[in-house]
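Report on one structure; see the data block that follows.
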Amino acid sequence: MSQAKQNNDLSTTSLNAMPQFLSRVLQKDPLSSLEKKSRETLTFLEKCNQDANSALNPELQEELFREIRHRTPLDHDSYPTDLKHYRYFVRQREALNYPQFWRPPLNQENRQHQEKLEQAHCYLDINKLAAEYDYFDLGDLAISPDEQRLALTTDTEGDEIYSLQLVNLSNNHWQTFDDLPPLASDLIWTENQETLLCFPLDDTQRPWQVMALNIASGQTSIIFEEPDARFWVGCSKSRDRKHLFIESLSKQSTRYYLLPADQPLNPPQLLIEQQEGHEYHADSIDDQLYIRSNLQQADFGLYRLDQQQVTPPLSPADFLQQASVIHPPSMQKTFEGFELFQNHLLILQRDHTRGRQELSIHSLDGKKQHDFEPPYPLVSINLSDNPDSDTPWVRLELESFNQPPTLYRYTMTKQQLEQLRQMPLNNTDLSQFTSQQILIPAWDGTPIPVSLVGKKTLLDAQKPQPVLLYAYGAYGDPLDPWFSSSRLSLMERDVIFAIAHLRGGGDCGEHWYHQGRLGYKENSIRDLEAVIQALLKQGITEQEQLVVQGGSAAGIVLGALYNRSPELVTGIIAEVPFVDVLRTMSRPELPLTIGEYEEWGNPQEPEAHWRIRHYSPLDNLKPESHQTEPRQPKLWIEAGLNDPRVQYWEPAKWAYRLKKANIEKVWLRTRMDSGHGGGSGRDQSYRETAETQSVVLMMLNKDQ
């Protein structure tokens with residue numbers, strides 16, 4: 001039996017037999033002073049930033065920044081989307097750091113010409129809003145159903161706490177709502193024209209209420225409240241805009257409530273009584289409810305109910321008895337999502353071997369009409385803007401590791417794919433690059449997909465090459481093929497980009513996720529080590545030419561790699577890394593903690609405490625073990641001072657302990673005016689990317 005399985009299957013008897021050293025009492029943290037943004041703490045962070053600056057080649061950073069900035073044309077308009085009265089598009093300009101939002105009125109002439117933009121006017125310029133702030137993030141934009149009002153949320157600290165503003169687009173009158181509580185970013189208009197829904201945050205920054213704001217009177221009312229701290233609240237609207245769905249979601253369970261979209265103050269109607277472990281997603285068209293559910297099988301199926309059948313709410317057993325099965329669950333594929341149209345049902349699945357996405361088109365009763373055939377392999381499939389439900393075509397955005405994002409119109413009845421717009425590139429020959437996927441056996445024999453992209457000559461070469469290996473492996477999030485224009489600067493410098501699709505992510509379906517969470521988190525850690533060892537053994541790279549990168553929850557696998565097998569790599573880049581897992585998960589007052597119990601476990605439970613303590617990077621860090629050269633890879637750590645997801649002090653404590661022990665080759669970069677996602681604005685984002693790439697090249701000794 002694997003250690004991970006033993007961790008997950010500990011019996012009460014074995015728990016009672018645990019030795020005393022497994023006490024769940026946390027010792028006093030000697031570095032707790034770093035959690036206060038005192039003068040001493042800020043001085044330490046600023047000194048670390050100075051040390052990080054001195055480690056890098058500023059000329060190379062500037063060269064990379066210029067390359068990234070000029071890789072794509074900076075003056076361009078997005079492909080427009082039509083609503084009822086106006087055509088909408090986003091304009092980027094080289095001289096401006098933030099986008100502008102434009103619209104021309106729709107008339108008989110320009111409806112026939114999709115890219116006709118005459119008489120457009122700018123209804124929102126983010127550059128003006130952001131001018132007085134060091135950090136500015138536009139959370140959400142919501143156009144009212146009559147297209148006369150614009151609601152927006154903004155964050156000026158990077159702490160993911162948003163405020164609301166409203167614009168009357170007919171006279172450009174701005175309205176602020178200073179009396180509202182702190183909000184999540186999301187907004188949604190109801191169909192009665194006067195009511196806007198927003199989502200207040202509790203003390204742990206959990207969206208826990210649905211608040212209806214009457215924009216005429218300014219009065220607010222709470223139409224839904226979720227007291228269970230595991231659940232986050234959101235809202236969606238059916239594609240035909242007849243219904244609202246209030247969503248209360250934990251990591252493993254779901255509750256959905258139904259409302260008429262034009263009567264938002266009606267009592268919300270629960271669809272299915274909650275059952276722990278039951279996850280589902282609902283949408284509707286013409287009073288028919290379509291529900292994606294894992295009640296029958298873990299990999300989800302699709303079911304249909306008449307809206308009248310859920311009054312009162314159904315028990316899970318009654319749901320299975322009364323619902324029509326539109327798409328049965330499969331053991332070979334995970335049913336990931338669906339989209340409803342008046343005459344078509346789109347179904348997106350993921351195969352369990354290599355994690356490929358598969359899109360198929362069906363009639364509304366579930367009968368398959370055909371499979372969508374993408375124009376190239378290793379593709380990511382995303383539905384773009386499709387505001388109309390009664391349409392014979394949909395917009396799809398496709399991309400791959402070596403194929404830039406391309407917008408298509410796909411006519412479902414004719415199976416016809418028409419290219420609308422491809423992301424342009426300056427001075428780039430994409431034909432020199434290729435991508436491929438290999439399977440690497442994990443420690444338990446499970447084949448782990450590894451994607452590779454780089455110059456054809458390097459991937460075909462029979463000798464080790466420089467490799468940047470990216471890893472994540474958490475929350476069921478898949479690392480589907482994505483194109484990065486900035487990544488081309490590394491690949492042109494003969495670096496191969498690789499992705500390890502670890503268990504814990506959703507790369508190969510639902511079971512892939514569950515094999516890397518809770519008691520099976522050890523799988524994610526060992527998967528990464530197995531991938532690295534295979535890349536070395538197969539001669540794809542060598543220790544002196546291998547850098548590993550990851551962020552946020554990837555801090556667990558990167559921290560474990562640094563603690564257990566640092567001699568396998570020459571460098572590790574840990575961006576806002578989650579490394580103090582045990583202490584953070586023992587503090588329910590912090591943002592995210594309670595909701596994360598279903599991902600990592602609650603340390604108040606003995607088995608979870610022991611398991612987390614076993615892998616938590618800071619709890620297993622022994623700085624003295626890194627005194628010798630083979631166990632001292634270069635370590636670059638990044639933090640955001642206002643980060644609410646991974647508090648800045650986690651990476652800061654990691655760096656402090658190593659620096660205090662005189663471990664060389666450790667650098668801490670703290671973004672002093674931003675949060676989890678780094679700085680705001682186009683050029684700041686480019687500069688941070690250029691810095692990270694210069695770190696990669698420094699670690700590979702290619703920075704001169």
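The first residue of the sequence shown is numbered 1, and numbering continues consecutively from there.
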**Request:** For the pair Trp482 and Tyr470, name the ring-plane relationship: parallel under 30°, tilted 30 to 60°, perpendicular over 60°.
**Result:** perpendicular
**Request:** Classify the ring geometry between Tyr562 and Trp654 as parallel (under 30°), tilted (30 to 60°) or perpendicular (over 60°).
**Result:** perpendicular
Are a donor atom and an acceptor atom from the side chains of [X] and [Y] found within less than 3.5 Å of each other?
X: Arg503; Y: Thr446; result: yes
X: Ser616; Y: Asp619; result: yes
X: Glu605; Y: His609; result: no
X: Ser380; Y: Asp480; result: no
X: Asp283; Y: Ser238; result: no
X: Gln357; Y: Gln349; result: no
X: Glu596; Y: Tyr475; result: yes

**Message:** Would you compute the distance between atom CG of Asn294 and atom NE2 of His281 and round it to the nearest 0.5 angstrom?
**Reply:** 13.5 Å
**Complete:** So CG of Asp673 and CG of Leu641: to nearest 0.5 Å the spacing works out to 9.0 Å
**Item:** Residues that Phe483 engages under ring pair (Phe, Tyr, Trp, His ring centres under 6.0 Å), provided they are two or more places apart
**Value:** none
**Message:** Between Glu279 and Lys251, is the salt bridge (Lys or Arg N to Asp or Glu O under 4.0 Å) condition met? List the steps.
**Reply:** CA-CA 9 Å; Glu279 298 178 78; Lys251 291 286 191 299; over 6 Å; no
**Prompt:** Any cation-pi pair here, Arg526 with Trp443, using under 6.0 Å and within 45°?
**Reply:** yes
**Contact list for residues 395-407, test salt bridge (charged side-chain N to carboxylate O under 4.0 Å, His left out), sequence neighbours left out** = none
**Prompt:** Above 12 or not: heavy atoms from other molecules or residues under 6.0 Å from OH of Tyr597?
**Reply:** yes
**Request:** Determine whether Leu346 and Leu340 make a side-chain contact, defined as any pair of heavy atoms from C-beta on separated by less than 4.5 Å.
**Result:** no
